[in-house]
Amino acid sequence: MQADRSAERIGDGRGSDPSAAILICDGLRRAFGAIQAVDGIGFTISPGETYGLLGPNGAGKTTTISMIAGLLRPDDGEITVVGRRMTPNSTRAKAEVGLVPQDLAIYPDLSARENLVFFARLYGLDAARRRERCDEVLRVIGLAERADDRADTFSGGMKRRLNIGIGLLHEPRLLILDEPTVGVDPQSRNAILESVEHLATEGMAVLYTTHYMEEAERLCDRIAIVDEGRIVAEGTRPELVATIGSLDVVRLEVAGDTVRAKAALEAHDEVTSVDTDGTAIVCLLPGAARALPQLLAAVAATEATVTAVEVRVPDLEDVFLHHTGKALRD
Amino acid sequence: MVRLAAITRVELVRLLRDRSNLFFVLVLPLLLVVLIGAQFGGSFDARIGVVGPDGDAAVDAVVADLDARDGIATVAYTDRELLLDEVERNLLSAGLVLPDDVSDTLAASEPVEVAFIAQPDAGSQSLRSVVEAALAEHAAIAGAVAAAASESQVPPEELGATAADLREGLPRVEVATVAVGGDELAQEFAGLGQFDLGASTQLVLFTFLTALTGSAALIQTRKLGVATRMASTPTSIASILGGQAAGRIAVALFQAGYIVVTTLLLFQVNWGAPTATAAVVLLFSIAAGAAGMLIGSIANNDAQAGGLGVGLGIGLAALGGSMVPIEFYPEGMRVIAAVTPHYWANQAMAEIIRRDGTIVDVLPQLGMLALFCVVLLALASWRLYRALIR
Ligand SMILES: Nc1ncnc2c1ncn2[C@@H]1O[C@H](COP(=O)(O)OP(=O)(O)O)[C@@H](O)[C@H]1O
Ligand SMILES: [Mg+2]
């Protein structure tokens with residue numbers, strides 16, 4: 001294997017400074033034709049930290065991750081993994097990363113073990129370690145019993161787990177998981193979330209993307225809220241909620257003309273943002289309890305009828321709404 | 001290198017695991033070799049069916065004479081109707097019906113009516129003239145013997161034997177047939193074993209076809225994201241491209257090697273000088289593998305690759321002389337055929353098998369095949385690289 005001589009070494013690399021960042025990316029930009037998929041994203045992940053990219057479909061999460069994994073050339077920006085510059089040719093930087101792609105990247109006509117052994121070879125594990133790690137990973141992903149069955153006989157959840165297992169083979173310093181729970185039944189989903197939590201406690205740095213707020217809240221130490229290729233807010237969950245200030249969330253279930261009802265609410269002085277979520281209209285405003293009668297009156301004036309009202313403290317969805325003016329889930 | 005080998009290996013395992021491939025890779029090539037062998041009926045001789053009285057001296061003499069000529073073989077028939085039928089169905093090149101009283105009639109110096117049955121084509125006409133010549137010669141001898149017998153005391157049998165002896169000793173006029181298409185071809189293929197032609201042309205066809213249709217595996221690898229995932233491991237892009245190329249080439253070599261070995265064992269096919277054949281097979285397999293990799297990098301789905309693979313696999317093979325030998329092509333077509341690697345492989349194999357060519361004799365063809373390898377490999381690597389890293 002050709003050593004990556006072009007890789008610029010920043011700092012001393014592996015193991016010299018335990019507090020050194022595992023991943024540093026800065027000013028990442030990438031366009032596809034006229035679409036600016038990633039428009040200046042930068043963040044840092046420390047050892048043992050689980051960092052989340054939370055954003056709707058098309059926000060630029062996968063594009064960001066592809067650049068970090070050395071699969072896509074950034075138009076601009078720098079990526080450093082464990083002190084090594086990541087480029088498509090940087091095999092040394094890639095050795096530190098375990099990538100779990102959003103779409104299943106396994107051979108359906110090979111067994112679980114054959115898939116693992118193949119990738120273990122690509123990760124450069126020698127025969128003894130290959131056997132040891134494949135057995136271990138099969139156990140971790142709960143496929144030890146089905147190890148020799150072809151992957152195309154597996155359920156969706158099992159395939160997902162195998163997809164994840166491949167990224168764990170070489171015990172990477174940085175594990176990247178791109179929406180690992182999409183299209184998975186609730187039980188498998190919980191199993192996946194639990195194993196990610198477990199990996200994080202073992203000191204692995206994890207970069208986790210999702211468009212599910214609950215997953216980001218449950219797993220991530222810090223979260224970046226991503227929209228249209230940019231990080232609109234970043235921090236721990238309390239820090240993010242604090243970015244809204246002391247706003248309350250008012251959610252009105254509306255029957256009738258929701259478009260005009262929404263316009264009426266937007267016109268209200270105290271409301272800072274409004275969005276629709278199905279038949280519901282969600283408003284952010286300070287002092288909801290005091291303003292509520294006025295809001296109801298405004299809707300009533302539009303010939304729409306309010307069928308249910310909810311007032312609560314904000315969550316990450318509301319943070320997203322506040323910063324982008326739209327709902328996380330569409 | 002370990003990583004490159006791992007990629008190659010996985011691609012081969014996947015090809016062999018796909019049961020639906022097995023028929024096309026293992027069974028169909030042999031079937032076609034047998035079929036083509038059966039069609040040429042053991043040799044490229046024109047077969048003439050002969051109906052005539054059993055054990056008749058005149059008939060035996062004519063048959064022996066015809067058999068002795070290059071490119072003609074006789075087959076005895078008892079039934080005139082069957083003979084007609086088989087000529088009509090092209091199972092025989094021609095038929096000859098000699099009347100029961102042929103010897104007596106000849107001995108009486110009377111005219112004999114002989115039926116020559118053939119399809120109305122040029123080949124039949126030339127056969128007819130050969131048969132006529134043979135008959136005329138025997139009629140003349142029989143007439144001479146009859147005339148001599150009537151004027152001497154020597155019994156006709158003895159005269160006949162003397163005439164036959166004399167004829168052996170006489171300088172014969174051999175009519176060598178020159179030019180006119182069909183016979184030139186007969187010469188080109190003379191001496192080929194029954195399965196020799198089919199085996200080498202089908203090797204060329206199937207090696208390329210299997211390499212192309214096998215490219216579906218690469219498309220899956222790409223579309224499944226496995227190829228991209230390989231690029232996320234510490235595997236250099238060169239190893240990924242090399243592994244994929246080696247995988248495709250290994251598939252082609254497997255197909256070629258399988259055909260060589262099985263036809264050698266089952267049909268004792270003559271594969272010519274081993275080094276020369278090995279060089280042709282190796283270079284052609286590399287070109288085929290690279291073409292497969294190119295399709296696998298361009299096509300967007302299995303169906304597209306399957307269609308492209310089968311279409312190009314069959315089309316290029318037909319153009320390059322794997323279905324109908326190049327020698328049957330008009331001049332203009334041969335020029336076009338030269339754009340296919342099949343053409344050069346088939347020409348090389350023809351040189352090796354039909355004319356006992358050595359590796360030196362096929363250097364020009366090997367050079368052209370090497371050129372195909374370089375161009376196709378470069379194109380395929382570039383396309384796959386573009387598909388992996390954007
Ligand atoms: N290969 C590509 N070619 C063209 N456009 C792309 C490509 N990949 C992503 N995009 C576009 O870039 C944007 C971001 O996509 P992506 O990074 O996949 O978002 P996410 O993973 O957050 O859903 C989208 O508008 C998407 O359509
Ligand atoms: Mg994505």
Side-chain angles (χ1 to χ4, degrees), chain A residues 1-4 30 32 63 65-74 84 86-111 114-115 117-127 130 150-152 159 163 166-167 169-170 172 176 178, chain B residues 1-22 213-244 246-247 251 296 300-302 381-382 384-390:
Chain A
M1 197 52 47
Q2 184 190 322
D4 180 31
R30 173 69 200 224
F32 296 107
T63 307
I65 272 179
S66 299
M67 291 189 284
I68 291 171
L71 299 173
L72 191 64
R73 287 182 206 285
R84 296 201 170 86
M86 177 63 89
T87 68
N89 299 318
S90 172
T91 52
R92 295 242 237 139
K94 286 179 181 180
E96 309 285 0
V97 178
L99 172 68
V100 178
Q102 178 170 1
D103 299 316
L104 291 175
I106 55 177
Y107 282 120
D109 44 1
L110 297 187
S111 71
E114 285 170 328
N115 269 291
V117 167
F118 171 64
F119 278 101
R121 284 203 172 96
L122 295 193
Y123 280 121
L125 308 190
D126 63 36
R130 209 153 57 215
R150 279 169 58 132
D152 52 11
K159 287 180 191 162
N163 193 42
I166 291 169
L169 281 166
H170 58 308
I176 303 179
D178 195 3
Chain B
M1 219 42 213
V2 176
R3 293 178 167 100
L4 192 153
I7 296 172
T8 306
R9 184 175 138 161
V10 128
E11 294 296 330
L12 254 186
V13 165
R14 295 183 60 222
L15 173 90
L16 294 179
R17 189 163 292 181
D18 185 349
R19 291 270 153 71
S20 65
N21 281 338
L22 293 187
T213 52
S215 71
L218 173 54
I219 292 163
Q220 289 162 10
T221 303
R222 261 175 58 221
K223 286 288 148 187
L224 292 169
V226 183
T228 314
R229 186 170 208 163
M230 290 178 197
S232 81
T233 70
T235 305
S236 69
I237 306 298
S239 291
I240 298 176
L241 298 179
Q244 284 298 344
V251 165
N300 284 321
N301 53 55
D302 280 15
S381 302
W382 174 65
L384 186 56
Y385 178 83
R386 298 287 302 163
L388 283 178
I389 304 286
R390 281 166 296 138

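Every chain is numbered from 1 and lettered A, B, ... according to where its sequence line falls, protein lines coming before strand lines. Computed from a prediction, not measured in an experiment: that's the story for all the values here.
Heavy atoms only, all atoms of each residue included: B/Pro234 and A/Thr91 are closest at CB-O, 3.2 Å. Between A/Asp109 and B/Arg17, the shortest heavy-atom contact is O-NH1, 3.2 Å.
Looking at A/Asn163, the atoms closer than 4.5 Å to chain B (heavy atoms on both sides) sit in the backbone and in the side chain alike. Both the backbone and the side chain of B/Ile7 come within less than 4.5 Å of a heavy atom of chain A. Interface residue B/Ile237: only side-chain heavy atoms are found under 4.5 Å from chain A. For chain B, no part of A/Val117 is nearby; none of its heavy atoms comes within less than 4.5 Å. When heavy atoms are compared at a cutoff of 4.5 Å, B/Val10 approaches chain A solely by way of its side chain, counted from C-beta outward. A/Ile176 does not touch chain B: none of its heavy atoms, backbone or side chain, sits under 4.5 Å away.
Note that CZ of A/Phe118 is 7.5 Å distant from CD of B/Glu11, once rounded to the nearest 0.5 Å. One finds the CE atom of B/Met230 at 6.5 Å from the CG atom of A/Leu122 (value rounded to the nearest 0.5 Å). To the nearest 0.5 Å, atom CG of residue A/Leu71 and atom CD1 of residue B/Ile389 are 5.5 Å apart.
In terms of heavy-atom pairs under 4.5 angstrom with chain B, the leader among A/Ala105, A/Pro101, A/Gly98, A/Pro88 is A/Ala105. Comparing A/Phe32, A/Tyr107, A/Phe119 by how many heavy-atom pairs each has under 4.5 Å with chain B, the most go to A/Tyr107. By number of non-hydrogen pairs under 4.5 angstrom with chain B, the leading residue of A/Ile106, A/Leu104, A/Val100, A/Asp103 is A/Ile106. Between chain A and the options B/Ala227, B/Gly243, B/Gly225, B/Ala6, heavy-atom pairs under 4.5 Å are most frequent for B/Ala6.
Within the structure, no pair that satisfies the ring pair (Phe, Tyr, Trp, His ring centres under 6.0 Å) test touches residues 216-240 of chain B, not counting sequence neighbours. A salt bridge (charged side-chain N to carboxylate O under 4.0 Å, His left out) check over residues 225-239 of chain B, counting only residues at least two apart or in different chains, returns nothing.
No donor-acceptor pair under 3.5 Å is formed between the side chain of B/Ser232 and the backbone N or O of A/Ala69. With hydrogens and angles ignored, the 3.5 Å screen pairs no side-chain donor or acceptor of A/Lys94 with any backbone N or O of B/Thr235. In this structure a side-chain-to-backbone donor-acceptor pair under 3.5 Å is missing from A/Arg121 to B/Arg3.
Counting heavy atoms of neighbouring residues, nucleotides and ligands inside a 6.0 Å radius, atom CZ of B/Arg9 does not exceed 12 of them.
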